[in-house]
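Residue numbering restarts at 1 for every chain, and letters A, B, ... go by the order of the sequence lines. Predicted model, so just to flag it, every value in this text is computed and none were measured.
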Amino acid sequence: MKKRMMSIMMTLTMAATLTMPAAVSAAEPVELTMWVHETDASEEGKLYAALAEEFNTQYEGQYHVTLSQIARSGDAGGYDDKINAAISNGGLPDVFTVDGVTVAQYADAEAIVPINEYFTEEELADFNPSIIQQGTYEDQLYTLGIMDSSVGLYYNKDMFEAAGITPATAEDPWTLAELQDAAAKLTTDDCFGINMHLDAKDESVIYFFLPLIYSQGANVIDEDGETADGFLNGDAVKNVFNWIKEMADNGYASATPAENSFELGNAAMDLTGSWEPGNLAKFDINWGLMPMPVYDENSTPASACGSWTFAMSSNCTDEKKEGAAELLRFMTSTDASARMYQANAMPPSRATAFDSIEAFGEEPLSVFSYQLQNTAQARPVSINYAILSNQFATTLQNILTGMDVEEALEQAVEQYNFQADIY
Amino acid sequence: MSTAAKRKKKMTKENWTGLAFIAPAVLLLFVFLFIPFLLTVGYSFTNYNILKPDKMQFVGVANFLRLTKDTVFLKSIINTFVFVILVVPLQVCLGLGLALLINRKLKGISIYRLAFFAPTVLSLVVVSILWTYIYNPNNGLLNSLLGSLGIGPFKFLNDPSTAMVCIVILSAWQGCGFQMMIFLSGLQDIPAYLYEAAAVDGARKWHQFWHITIPGLKNISVFVSLNIVVSAFQLIIQPMMMTGGGPQNSTMTIVYEIYQTGFKYNKMGYGSAMALIFTLLVLILTLIQNKITSKSNED
């Protein structure tokens, strides 16, 4: 009797030990980690948390992601510090968000890995072309975005009507000469023709004005980002800065605009980003939206774009890569992208998401949807982008405070080449 | 023999207690000051890029040779010295002036004390942004004010020749409240009978100030000015928030340039070399200042 019990027990134990691992591997999902740059203090951060949860439900038993939300503080604090520290100590998560303009430096440092093989061409074709462009470094795709951004020319409808000016349409943007004419007509003693945010000293300068250089078929640095000579001091860049200076010198645009000058009726137009409608809603103003202007009648339209994207880290092991790719796909899906517009008003990163949002099919936002799917061009994907951006902003301030355009650009080239020269 | 041994034993026990007391401070100093400093010295001889720690290599004095050709860095050293030379006397005088003003028994004097001290409590970032509005050439407060007096308009931060002066003024305004408090406590330490005796001897207010107040505040002045010098060298927030180091690099400072190179361009090796030069500069100046003040203390 006792022996029998023993043997039964043993058989049971054996059976258990044999079946257990199999059962475990079926129920135990692949564990993934993900870091994002927004906490749940913002709607954007809440959406990331919700998406992560939905991912875990949808792939229950297969994949499981643990999300860490890290606040950004200033332009190099918090989140970026944490990423940099993780690169040093090998603690990068499997998936993390990177700002579009930093893709090159993370790819070059091998902190993020190419993701081409996990996505079909058909899938990628749905994304805004510039999303692919901003995520591509040395012919490899590294990141995909949940959202995008754009810049347009906002105008005060009442002032336009009073001055008898017809606004441009999405497909047919103004030239700088046309913009200048309109600004001249609209400028009065207490109203500037346009607010071009010329007091900016940061990233927004290159973000706003680079399309005017692109529209002339030119660039600001060479393909490898090694030199700016012949580019940043080229005619196309000179043309644009000369025009900006002319606008400021004539008093059509303020070199030091007051806060909310367009919103308060102290400027008739506003060259600014796709985040502006949210701000305008707080003011009593009848506004419309025109596309980013082009340099002259021979130019091809170009417009600004770019935002935060998702990347797979070099720390993600081979067995996790399928899951990480699935997570990237989930975080940048049509549904996620459309919901991001609801959360923080950023334009979607893909065509199907644009189609699903009614506001983008009609004026004024149709301008952004047209630009992002047709004319947007990413900022240079270069490891030296931060230097370029800084020199661009410095140049603007230098010419507005009296330095000759040519001299300012020569200095910018010299500084760019000097700073880009080392490691 | 036995007493000597006893004393020795007692001494060690006291020593241990003493060591235990300073241990936390020493440990923190090591972790947050000495080790980072030594790392900085080490990094300054390498091509360390924050994003590529594996590829760090020894490059000898290449970073330092490069510094001699870096026009912006050299400009930033000059700018920083200009700032220190302008802001230290201004802030000391403002602090002392305010302390003298409020060092009297009047009704509601504590309101003034609070008002003068308030800017010190505000975040420097907030103060910088507020002053950017004040300095705005088109519709700023200062130009409207000066305009009504028939002066100006000035470009303030948008003119390379005045931008640094604008930052000096705002910095002195922001910081002087703290020095005022220190001077105030110094003033109240000067015995009242000295003034009474001087008054009896027929000394006027001005003489009293010059011969009693100033000598009485000597030690405090040394402390205050040293304090301002050290923090003035670290100028970064005001130019970062207000001018971005411009226009035409007129407000680029050493610490701002270090931050930009190390954290925005990720070139930590080169940034460390800048930091090392900066540390040496401050060290030399502090030693000189020490020598001057200890000499004048012997007089």
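Proximity to chain A is limited to the side chain of B/Y133, based on heavy atoms less than 4.5 angstrom apart. Interface remark: B/Q260 contributes side-chain atoms only to the contact with chain A (heavy atom separation under 4.5 Å). In this structure, chain B has heavy atoms under 4.5 Å from both the backbone and the side chain of A/A258. Neither the backbone nor the side chain of B/D54 has a heavy atom closer than 4.5 Å to any heavy atom of chain A. For chain A, the nearby part of B/T46 is the backbone; its heavy atoms alone come within less than 4.5 Å. For A/Q415, the part sitting under 4.5 Å from any heavy atom of chain B is the side chain, from C-beta outward, and nothing else. Within the 4.5 angstrom heavy-atom criterion, no atom of B/M252 approaches chain A. Heavy-atom distances place the backbone of A/A420, and not its side chain, under 4.5 Å from chain B.
The line from CZ of B/F73 to CZ of A/F418 is 10.5 Å long, rounded to the nearest 0.5 Å. Separating the OH atom in B/Y270 from the CD atom in A/Q419 is a distance of 6.5 Å, to the nearest 0.5 Å. In this structure, CD1 in B/I129 is found 9.5 Å from CD in A/E259, a value given to the nearest 0.5 Å.
Heavy-atom neighbours of chain B within the stretch residues 390-403 of chain A, taken at a separation under 4.5 angstrom, comprise A/N390, A/Q397, A/N398, A/T401, A/G402, A/M403. Near-neighbour residues of residues 192-209 of chain A relative to chain B, defined by a heavy atom under 4.5 Å from a heavy atom of that chain, comprise A/F192, A/K201.
A donor-acceptor pair under 3.5 Å is formed between the side chain of B/K267 and the backbone N or O of A/I422.
Using a 4.5 Å cut-off on side-chain heavy atoms (C-beta onward), B/I50 and A/I87 make no contact. Side-chain contact check for A/D421 versus B/R66: some heavy-atom pair is nearer than 4.5 Å.
A/D108 and B/K55 get closest at one heavy-atom pair: O-NZ, 4.3 Å. Residues B/P137 and A/T256 approach most closely at CD-OG1, 3.5 Å, considering heavy atoms. Smallest separation of non-hydrogen atoms from B/P53 and A/S88: CG-CA, 3.8 Å.
Taking B/N266, B/N63, B/D159, B/D70 one by one and counting their heavy-atom pairs under 4.5 Å with chain A, the maximum is reached by B/D70. Note: B/N158 leads B/N49, B/N158, B/T71, B/V59 in heavy-atom pairs under 4.5 Å with chain A.
Surrounding OH of A/Y385 are more than 12 heavy atoms belonging to other residues, nucleotides or ligands, all under 6.0 Å away. By the 6.0 Å contact criterion, CD on A/E406 is open, its count of non-hydrogen atoms from other residues, nucleotides or ligands being 12 or less. With a 6.0 Å radius and a threshold of 12 heavy atoms from other residues, nucleotides or ligands, B/F58 has its CZ atom above the threshold. No more than 12 heavy atoms of other residues, nucleotides or ligands lie within 6.0 Å of CD in A/E110, so this atom counts as exposed by the packing criterion. By the neighbour-count criterion of 12 heavy atoms within 6.0 Å, atom CZ of B/F30 is sparsely surrounded, having that number or fewer from other residues, nucleotides or ligands. At most 12 non-hydrogen atoms from other residues, nucleotides or ligands lie less than 6.0 angstrom from CZ of B/F37. Around NZ of A/K245, the count of heavy atoms belonging to other residues, nucleotides or ligands within 6.0 Å exceeds 12.
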